[in-house]
Amino acid sequence: MEPIIELTHVSKTFHAQNGEVEALKDISLSIEKGDIFGIIGLSGAGKSTLVRCLNLLEKPTSGEVIVNGNSLMSLSNKQLRKERQRIGMIFQHFNLLMQRTVLDNICFPLEIAGVKKSEARKRAMELLEVVNLSEKAKAYPAQLSGGQKQRVAIARVLATDPEILLCDEATSALDPQTTKSILSLLKEINEKRGITIVVITHEMAVVQEICSHVAVLDHGNLMETGSVEDLFRKPKTDAAKRLVLSGFAHIGEMKGERKVRVTFDGHTAFEPIIGNIILEYKTPINILYADTKTINGNAEGEMILQLPQNEEIADKIVSYFKEKNLGVEEVDDYAR
């Protein structure tokens with residue numbers, strides 16, 4: 001697949017009263033056409049600055065932003081406005097016009113583009129069907145739930161037929177069930193319309209739900225990129241490990257010298273690995289945490305295990321996991 005977005009050595013420095021703030025530091029990454037790409041990091045990582053650089057709402061201090069083969073930095077203002085029409089954006093707080101009905105909110109970008117009112121309303125009704133809100137055409141935003149408001153915002157963005165959709169914490173203000181329905185809608189839009197989607201989030205669960213590839217940001221630095229499956233199974237950097245292992249905060253105190261995180265997919269989930277180890281080595285293993293997730297449509301599981309005190313047996317158990325092609329890594333630093 002060909003890249004639709006390329007960042008080359010992008011940096012962004014803000015000038016504040018207390019001095020300069022480096023929000024982005026030498027970021028280079030590539031996003032393929034038709035992908036759902038996640039950009040994840042904790043608060044202050046630089047995620048929102050990065051997404052605003054993708055359509056030049058924030059102009060990088062240095063580096064290159066290439067979209068559809070065009071270097072945005074070299075475009076005139078008129079050319080940049082035209083390019084931005086192909087890049088839609090949805091936000092955490094919806095940004096709807098409260099004095100307009102749902103239908104008129106969706107018509108708004110079409111009016112700006114000079115589309116006839118009758119054609120705009122027809123297009124808006126079609127998009128309301130896409131987001132399952134046809135019955136809310138005459139309602140006002142104040143009469144809608146958070147999930148319904150975000151669906152209207154998505155329909156409004158789709159009105160201009162974008163090739164790229166940027167989602168800046170688009171589900172952060174929603175409850176888990178509503179988040180799941182919005183993510184499902186985005187995935188359906190990606191599959192049916194071929195729109196490339198970039199998801200900005202601090203939630204690993206969002207990335208695991210719909211993204212194919214992911215980039216991890218930390219204090220303005222790009223820490224690692226790759227498939228979501230690879231990040232989940234074996235995060236390479238401390239920043240990625242903090243995000244992947246953040247679900248273990250409720251484990252409580254872990255006693256024991258060695259603990260390992262074991263990851264497995266649907267193919268190995270049916271094999272009684274733990275039972276076999278107990279029978280083989282005649283020693284108990286303490287399961288401190290276990291969970292399964294759906295990542296990009298596939299079942300993935302993980303466990304945190306406390307190994308026996310006997311180092312020789314513990315080493316053999318780790319080797320056994322590796323022989324079974326399971327992901328395994330020590331997680332002593334991530335106990336909470």
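Every value quoted in this text rests on a predicted model; they were computed, and no experiment measured them.
Side chains of V67 and L54 form no contact here, defined as non-hydrogen atoms less than 4.5 Å apart. Contact annotation: the side chain of I195 never approaches that of D161 to less than 4.5 Å [non-hydrogen atoms, C-beta and beyond]. The closest side-chain heavy-atom distance from I31 to P3 is not below 4.5 Å.
Here the side chain of R156 pairs no donor or acceptor atom with the backbone of N105 at under 3.5 angstrom. With hydrogens and angles ignored, the 3.5 Å screen pairs a side-chain donor or acceptor of T196 with a backbone N or O of G34. S319 places a side-chain N or O within 3.5 Å of a backbone atom of D315 that can act as its donor or acceptor partner. Here the side chain of N286 pairs no donor or acceptor atom with the backbone of Q306 at under 3.5 angstrom. In terms of modelled atom types and a separation under 3.5 Å, the side chain of K12 and the main chain of K59 share a donor-acceptor contact. For the pair K116 (side chain) and E111 (backbone), a donor-acceptor distance under 3.5 Å is absent.
Few gaps surround CD on E135; more than 12 heavy atoms of other groups in view lie less than 6.0 Å from it. Atom NZ of K180 has 12 or fewer heavy atoms from other residues, nucleotides or ligands within 6.0 Å.
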Apply side chain to side chain contact (heavy atoms under 4.5 Å, CB included) to Q85 and T160, showing your working.
CA-CA 7 Å; Q85 292 175 1; T160 55; 5.7 Å; no
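Of the inter-residue distances, the one linking I39 atom CD1 with K47 atom NZ reads 10.0 Å to the nearest 0.5 angstrom. The CZ atom of R258 sits 10.5 Å away from atom CG of N310, with the distance rounded to the nearest 0.5 Å. With rounding to the nearest 0.5 angstrom, the CG atom of L80 is 4.0 Å from the CZ atom of R84.
Side-chain N/O atoms of E64 and H9 include no donor and acceptor closer than 3.5 Å. Side-chain atoms of N68 and E163 include a donor-acceptor pair closer than 3.5 Å. Between the side chains of E224 and T237, at least one donor N or O lies within less than 3.5 Å of an accepting N or O. Between S48 and D168, the side chains place a donor N or O and an acceptor N or O closer than 3.5 Å (distance only, hydrogens not considered).
Judged by the 6.0 Å distance and 45° axis criteria, R123 is not positioned over the aromatic ring of F108. K316 forms no cation-pi arrangement with Y320, by the criterion of a distance under 6.0 Å to the ring centre and an angle within 45° of the ring axis.
Between D104 and R121, at least one side-chain N (NZ, or NE/NH1/NH2) sits under 4.0 Å from a carboxylate O, which counts as a salt bridge. Using a 4.0 Å cut-off between a side-chain N of Lys or Arg and a carboxylate O of Asp or Glu, K259 and E330 do not qualify as a salt bridge.
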